[in-house]
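Reading through the C-alpha cells given below for one structure.
Naming: A, B, ... by sequence-line order, numbering from 1 per chain. Computed from a predicted structure; not experimentally measured.
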Amino acid sequence: MATRFLLAAIATLGFVGLIPAVQAQTAAPAAPVASGPVALRGAGATFPAPLYQKWIDIYTKANPSLAIEYQAVGSGEGVKRFLENSVDFGGSDAALSDEQIAKAPGGATLVPATAGAIVLAYNLPDVKGALKLSREVYADIFLGRIRNWNDPKIQTLNPDLKLPNQTITLVARQDSSGTTYAMTNHLSAISATWRNQGPGVGKVIDWPGISMVAPGNEGVAGRIKRSWGSIGYVEYGFAKRLGLPMVHLENKAGRYIEPGLNSGQAALAANISQIPGNLRVFLPDPEGDDSYPIVTFTWLLLHDRYPNPQKSTALKGFVNWALIEGQSYSSDMGYIPLPADVVALARVAVDRVQ
Amino acid sequence: MASHHFDHVDRSGSVSGPPSAGDYAFDRGFRGIAWLSAAFILALVVYIVIEIGGKALPAFSEYGFGFLTSTTWNVQTGQFGILPEIWGTLYSSLLALIIGGVFGVAIAIFLTQDFLHGHLAAVFRTIIELLAAIPSVVYGLWGIYVLIPLLRPLANWLHGEFGFIPFFGTSLSGPGLGPAALVLAIMILPTVASISVDALHQVPYKVKEAAYGMGTTRWEAILKVMLPTAGSGILAALVLGFGRALGETMALAMLIGNSNQISLSLFSPANTLAALLASSFPEAGPVEVRALMYAALVLLAITLIVNAIGLAVMKFATRKFEAER
C-alpha cells in the first residue's frame with residue numbers, strides 16, 4: 001500500500017514537473033534547461049516515415065537522453081507545422097518554395113535525407129507477369145482517358161498478358177502530399193495534356209477519372225491491396241512490404257524499367273550534375289538508359305537558428321548521423337541511399353544550422 | 001391552497017388518505033425535473049444548430065449555394081463543393097431503404113401474422129434486434145473482408161454481361177456504393193423491423209378476424225387490411241430507418257471508397273457527407289474545417305427535411321385511414 005502511494009506521488013510530481021517544461025518549450029525557450037533530456041518533435045511526409053522511425057529508434061537507443069518524435073502526417077501538413085513553428089523539424093517530399101523559406105520563423109535549411117522511387121502499384125489478381133505501361137498510356141490512365149484494363153492501348157503493350165474487362169480505379173492521396181507533388185511533377189513533364197489542360201502540379205489534386213482517395217502512403221497501399229482493378233502511386237517500400245505488383249514504366253530513353261533500388265540509384269547517379277547548391281532539386285524526368293522515371297528526394301526541414309542551443313546540437317547530431325550511418329539502412333527499407341556528393345553538400349548545410 | 005380541500009376528511013381508521021405535503025412536493029419536483037429535462041434537450045438541439053451554423057457561416061458567405069452544386073474538393077486551391085457527397089448520401093440511403101425496408105417489413109409480417117409460434121417469434125425478434133448492438137466498425141470490417149469478396153464475382157459478371165446498363169457501368173473494385181448500401185440495409189433492418197412489428201401488434205386482433213369473416217384469404221387480409229391499418233407505424237419505421245442511414249458514418253467511411261464523383265453505377269466508389277466529415281476532420285486546416293462545418297449543416301438539414309416529410313406523410317396517411325373508418 002505504502003509503495004503504491006509513493007509511486008502515485010512520484011508520478012504526480014513527475015507530471016507536474018513536466019508542465020513547466022512543456023511551457024518552456026513552446027512559450028519561453030530563452031531559458032534553456034541546464035541539463036537533462038532533450039525532446040525533439042518533427043512532423044511531415046509519410047513517404048520516408050518508416051526509415052525515419054528506424055533511424056530514430058536506433059539513434060535514441062544509443063543516446064538515451066534524447067527523445068525524438070516524428071509524426072507522419074503528410075508533407076503538406078508537415079510544412080504547415082514547420083512554418084507555424086509548432087515542430088522542431090519538418091519532413092517534406094516537396095522542397096520549400098522561396099516564399100515559404102522567407103516566411104519561415106528562424107529561417108529554413110533544407111537537408112535531403114533520402115530518396116525514393118514512386119511506383120505505380122496495381123491489383124489485378126488474375127494477371128500474372130509484369131505489366132508494362134508507356135509514358136503516353138499511364139498519363140492517359142491518370143487523366144481518366146483510359147478507363148478499362150482491356151483497353152487496346154494497354155493490351156498492345158502487353159501482348160503476353162490477358163487483361164480483364166475491368167474498370168480502372170485510381171487510388172490517390174487524400175491529404176496534402178509530397179508524393180502527389182512528385183508524381184504530378186513527373187506527369188507534367190511527360191504529358192503536355194496533363195501540364196496544360198489537366199490538373200497540373202500540386203500537393204492535392206482533383207483527379208480526373210474514377211478515383212478513390214486514402215490518407216498517407218500506407219493508406220493508399222492498403223487500399224490498392226483490397227481493391228481489384230486499382231492502380232495508384234506509392235513509395236517503393238510501401239508497395240514492396242504489401243507485396244503489390246508494380247508497373248514497369250517507360251523512361252525518357254524509351255526503355256521499360258522495373259522499379260527497384262538499382263534503377264532508382266541509376267536515376268540519381270545519371271543526374272547528379274544537376275544538384276544545385278541549395279539542394280533543392282527535382283528530377284521530374286531523369287535522363288539515362290537504366291533510370292527509373294519517377295524518383296524524388298525527400299527533405300528534412302530545419303530552422304537556421306534554434307533559440308535553444310541544446311536542441312540545435314542534438315538535432316544536428318541526429319541529422320549528421322542520419323546522413324552518414326543512417327544511409328546504410330536505406331536500401332533495406334526500400335529507399336535509395338543518397339549519393340556521396342549530395343551527402344557532402346547536405347552536411348555543409350547542416351553545419352550552418354545554429 | 002389546494003390542501004385545505006381535504007381538511008374536513010376524517011383520516012381515522014382508513015388506509016386511504018389525502019396526499020400529504022410530501023406527496024405534493026414530490027409531484028411538483030418531478031414535474032419540474034421533467035420540464036427541465038425536456039427543455040434541456042430542446043436547448044441542446046438549438047445549441048448544436050447554432051454552434052454548427054455559426055462555424056459554417058464564414059464558409060456559407062464565401063461559397064454560397066454554389067457549395068451545393070460544385071463537385072470539386074481541393075484544399076490547396078480552396079475550392080469546396082459537396083454535390084458528389086450529397087448524391088452519394090441520398091443514393092446509398094435510398095438503396096438501403098429499399099432493401100432494408102422490403103426485408104424489414106417482410107420480417108415484421110412473418111413475426112406478427114401467426115407464421116410462427118409466439119415464443120419462437122420472440123426469439124427471432126430478439127435476434128434481429130441484436131443486429132442493432134453490433135458496432136458500426138465491425139460492420140465495416142465485415143463488409144471489407146466478407147461482403148466485398150462475396151459480391152465481387154457477381155458484380156463483375158453483371159458488369160461484363162450488362163455493362164451497357166448505367167447501374168452496372170463499372171466493375172466492383174473493392175469499396176463501393178453497392179457493398180456500402182447493402183451493409184447500410186442490414187444496419188437499418190432492426191429499426192425498421194422492430195418498429196413495424198410494434199405497429200402490426202397494435203392492430204386489434206378483431207380486425208383480422210373480421211377480415212377473415214368476410215372471406216379474405218390470409219394474404220388478402222395481410223396486404224389489404226393489416227398493412228394499411230398499421231401503415232402509419234410502418235411509415236414511421238421507414239422514416240427512422242432512412243434517417244439512420246443518412247447519418248451512418250463509420251461503416252460507410254470504410255466501405256464507400258472516398259471518391260469525389262457522381263456515378264449511377266452501383267459498383268463505383270462514392271462518398272457520403274458523414275464519411276467526408278469523418279475522414280477529413282482529423283487533418284483539416286481552419287479553411288477546410290469551415291467548409292466541413294457547412295457540409296455538416298447540409299447533412300443536418302437533409303436529415304431534418306427527411307424527418308419532416310416523413311411526419312407529414314404519416315399525418316396524411318393516418319387522416320386518410322381515419323376518414324375511411
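Heavy-atom distances place the side chain of A:Q174, and not its backbone, under 4.5 Å from chain B. Contact annotation for B:S279: both backbone and side-chain heavy atoms come within less than 4.5 Å of a heavy atom of chain A. Residue A:S176: no heavy atom, backbone or side chain, is found under 4.5 Å from chain B. With a 4.5 angstrom heavy-atom cutoff, B:S280 touches chain A via backbone and side-chain atoms both.
Contact annotation for residues 150-160 of chain B against chain A (heavy-atom separation below 4.5 Å, listed by residue number): B:R152, B:N156, B:H159, B:G160. Within residues 240-256 of chain B, no residue has any heavy atom under 4.5 Å from a heavy atom of chain A.
Of the inter-residue distances, the one linking A:I168 atom CD1 with B:T170 atom OG1 reads 12.5 Å to the nearest 0.5 angstrom. Note that the OG1 atom of B:T72 and the CG atom of A:D206 stand 5.0 Å from one another [nearest 0.5 Å]. In this structure, the separation between CD1 on A:I205 and CG on B:N74 is 7.0 Å, given to the nearest 0.5 Å.
Between B:S171 and A:N165, the closest side-chain pair of non-hydrogen atoms is not below 4.5 Å. A:R223 places a side-chain heavy atom less than 4.5 Å from the side chain of B:P175.
More than 12 heavy atoms of other residues, nucleotides or ligands sit less than 6.0 Å from atom CZ of B:F164. Remark: A:K80 NZ is packed, more than 12 non-hydrogen atoms of other residues, nucleotides or ligands lying under 6.0 Å away.
With chain A as the partner, the residue from B:G257, B:G174, B:P269 showing the most heavy-atom pairs under 4.5 Å is B:G257. The residue among A:G76, A:G202, A:S211, A:A172 with the most heavy atom pairs within less than 4.5 Å of chain B is A:S211.
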(Q) Evaluate A:V213 against B:N260 for side chain to side chain contact (heavy atoms under 4.5 Å, CB included), listing each step before the verdict. (A) CA-CA 8 Å; A:V213 291; B:N260 202 30; over 6 Å; no
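Between the side chains of B:S173 and A:S230, no donor N or O sits under 3.5 Å from an acceptor N or O.
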